[in-house]
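Data first, discussion second: the structure below is written as structure tokens.
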Amino acid sequence: MSETYARIIIDISHEKVDRTFDYRIPQHLRQEITVGTRVLIPFGKGNTMRKGYVVGITAKASYDPDKIKEIGGIVTDGVSAESRLITLAWWLKEQYGSTMNQALKTVLPIKQKVKPKEKKIIRSLLNREQLSNALKEAEKKSYKARVRLFFALLDNPVIPYEIAVNQMNLSASAIKPLIEKGDICLESEEIYRNPIQIESQEEKRLRLNPGQQIIVDSFNRDYSEGKRDTYLIHGITGSGKTEVYMELIQRVIEDDRQVIVLIPEIALTYQTVMRFYGRFGNRVSIINSRLSAGERFDQFERAKNGDIDIMIGPRSALFTPFSRLGLILIDEEHEGAYKSETVPRYHAREVAGKRAQMEGASLVLGSATPSLEAYTKALRGEYQLFRLTERAKKDSSLAEVSVVDLRQELKDGNKSIFSRKLQMLMEERLRKKEQIMLFINRRGYANFVSCRSCGEAIRCPHCDVTLTLHNNSRLVCHYCGHTIPMPSKCPSCSSPYIANFGVGTQKIEQMTKKMFPQARILRMDLDTTKGKGGHEAILSAFAEHEGDILIGTQMIVKGHDFPDVTLVGVLAADLSLNTPDYRSGERTFQLLTQAAGRAGRDAKAGDVIIQTYSPDHYSIVTAASQDYEAFYRQEMAFRRLMKYPPASGLLTIQFSSRNESVLTETAAAAGAFATAIGEPEQVQLIGPVEASVYKINDIYRKILYLKQENYDILIKIRDQIDGFSENHPELFEQVLIQYDFS
DNA sequence: AGCACGCCGACT
DNA sequence: GTCGGCGTGCTC
């Protein structure tokens, strides 16, 4: 029988050894060693036994077999949080196509040199006199390292080890003899930095309404019976989902298990955090992108040591090293931010499902506008579905939503960005001293072309996505590569008013100022929120009535409650409808629903005006009538027709290279290979086409799309393409290949 | 992280 | 010459 080798990472948090080492697996351990196993291995010259994690098993070693040592044994002190996370990393690698290193960095994001603050310190054991003698001695003998150290110790008898090594350039071999001599000693103290420094205020437990109670009861029943399941809570805005979450969390931590709460970064506001902190006190911790690497490390360390029970944070909080995880909760489950932008391009919902299954935890998803993926699974019975259809506050009413046809406005001679109805309502609200939110659902670049008189956006005849304007001269489809020259007049109504669409918040602010000079206007976009706490500052200013009108993008419709907002205007709903992406309809529905939920959260009746060039589009119609079911049916019909997810699996393969001609050749070759192996499996293949932004930083990118209902077939094909790239190094030498499943 | 190798200044 | 501090590089 051939030898087997284990690829192992050593449990030393130091950059220099942050890679894998191969070890031979002894015969008697062959059954027991799998990915994720913690093992003891001899390491380095002295063969000191160290702990390591098995991250892979191979038949052929990537190192001189004669020099490979044997695994010493298995660490048996239970299954640690890390070893399970490493198993999860393995799954990530297999599922999403990345290297083990990339997967490990995702799962163990704290393997950095930024160790906790003052973890180790050097303390002088000599008194001042002895110290200055030692200094003189060292100077005489020109022991440079000692001079530096003694000199510093004379100033301060305690020096952080970190500083000594990095700033004072002392190596371990310079320090060690001094410890043996008894001049100094090393001590360690652990100081955690706690990012929440707030005075706790009791969060009072509200009485649940019947809808909320049903969810809590069913969950508790399942939990007590030991049943772990996935639950989808479809609750309209303001229906009190957070209250339900609190009860579920309570149940799980009473059982001495731990909870991860995922919240999109943008909604991770002071308000939200305070609610959790008020209820669960210092057993809660948060992570967010503002935390330094050191602070994040501390938070994960606290979780590992069992100092906290609840971790709240964005996507990355999913990898909190809890050892007794009982519940993962994903709020605003439909949010795009849960999909990773970097390799491995995992989706938090899917990874949460895997982790929950591995650790025997429950998974709860919540949203006012569930993703098609989640809702489809719920309808199929894979998730338990619950609905909250009433607002939690009794006297609050749903807002009145109306759709305004901008084509008609133009026909009637109104060229401003405000429809007559919106103008009228704005004047009225300003008079009554009530507040207004103007929402422009722009995201990134929106360079599609549309007609100002008929509202028609120019679309690809084969793909039903808008064409994108390239170099102001040609329109290109990013899904199939179809291209036409930029027309001079509208193809459907021949109007010459056809142009690139794109309006900024700044421009809107100017126009609003001009039309309502008496109003105080606050603007919230990337420019005005740059600084730390920029978000909070503007939102609280608005809450304090320091402004009458708040203008902004998606940011303003998430999270915050403004009881005095009674009018929400969506200036151009088409902006998100016409992005070149099959999800544009879904995103539009979500944004409009959220925007509508902002108005009339209190007793005062609210109005929502949706301005659009496509008043008949189902995303807009169903958002206006607040009818999720109707939206779901129509959007699913579209996805089935076009074979887009979740009706079908979609594998996106990206090729990127600095060399355009090599890229073209390689992408074509891979495309031909994929066609050949995909044909018998009934895989539909599109491309290779240029990526929506073809060149970034002088790197060209091409895309290949593969569609097939069966996800596993796509994974199989991915593996074969991976093999193809390994067998053709001449093609892939200069080309990077990345996979994305959706 | 921790060990060995080897450079270079100091001292018998 | 030899001794020993201390910077550097490697560990499967």
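Letters A, B, ... mirror the listed sequences (proteins, then strands); counts begin at 1.
- Arg24(A) has its CZ atom 16 Å from the P atom of dT11(C), to the nearest Å.
- Residue Tyr161(A) is the one, among Ser173(A) and Tyr161(A), whose nearest nucleotide of DNA chain B lies closer to the 5' end (criterion: closest heavy atom).
- The distance between atom CD1 of Ile179(A) and atom P of dC6(C), rounded to the nearest whole Å, is 13 Å.
- Glu137(A) has its CD atom 14 Å from the P atom of dG4(C), to the nearest Å.
- Shown here is Lys141(A), whose NZ atom has no more than 12 heavy atoms of other residues, nucleotides or ligands within 6.0 Å.
- Residue Asn169(A) contributes atom CG, which lies 12 Å from atom P of dC6(C) at whole-angstrom precision.
- Between Glu350(A) and Lys354(A) there is no salt bridge, since no side-chain nitrogen of the basic residue lies less than 4.0 Å from a carboxylate oxygen of the acidic one.
- At least one side-chain nitrogen or oxygen of Ser171(A) sits closer than 4.0 Å to the OP1 or OP2 atom of dG7(C).
- Using a 4.5 Å heavy-atom cutoff, the side chains of Thr20(A) and Ile8(A) are not in contact.
- Looking at heavy atoms from C-beta onward, Ile310(A) lies out of side-chain contact with Ile308(A) at the 4.5 angstrom threshold.
- Using a 4.0 Å heavy-atom distance criterion, Asp64(A) is classed as making no nucleic acid contact.
- An aromatic stacking contact links Tyr63(A) with the base of dC12(C), defined here by ring centres under 5.5 Å apart and ring planes under 30° from parallel.
- Remark: P of dC6(C) and CD1 of Ile175(A) are 11 Å apart, rounded to the nearest angstrom.
- In this structure, Gly44(A) and Lys140(A) both approach DNA chain B, and ranking their closest nucleotides by distance from the 5' end singles out Gly44(A).
- Counting non-hydrogen atoms of other residues, nucleotides and ligands closer than 6.0 Å to CD of Glu730(A) gives a total above 12.
- Rounded to whole angstrom, the span from the NZ atom of Lys181(A) across to the P atom of dG5(C) amounts to 9 Å.
- Less than 4.0 Å separates DNA chain B from at least one heavy atom of each of the following residues of residues 141-154 of chain A: Lys141(A), Ser142(A).
- At dC5(B), none of the side-chain N or O atoms of Lys45(A) fall inside 4.0 Å of OP1 or OP2 (strictly under the cut-off).
- Taking atom CG of Leu170(A) as the reference point, atom C1' of dG5(C) lies 12 Å away to the nearest angstrom.
- Geometrically, Arg718(A) engages Tyr739(A) in a cation-pi contact, judged by NZ or CZ lying under 6.0 Å from the ring centre and within 45° of the ring axis.
- Residue Glu733(A) qualifies as open at atom CD: its count of foreign heavy atoms under 6.0 Å is 12 or below.
- In this structure, NZ of Lys176(A) is placed 13 Å from C1' of dC6(C), rounded to the nearest angstrom.
- Checking dC12(C), dG2(B), dG7(C) against every side-chain atom of Arg50(A), the shortest atom distance belongs to dG2(B).
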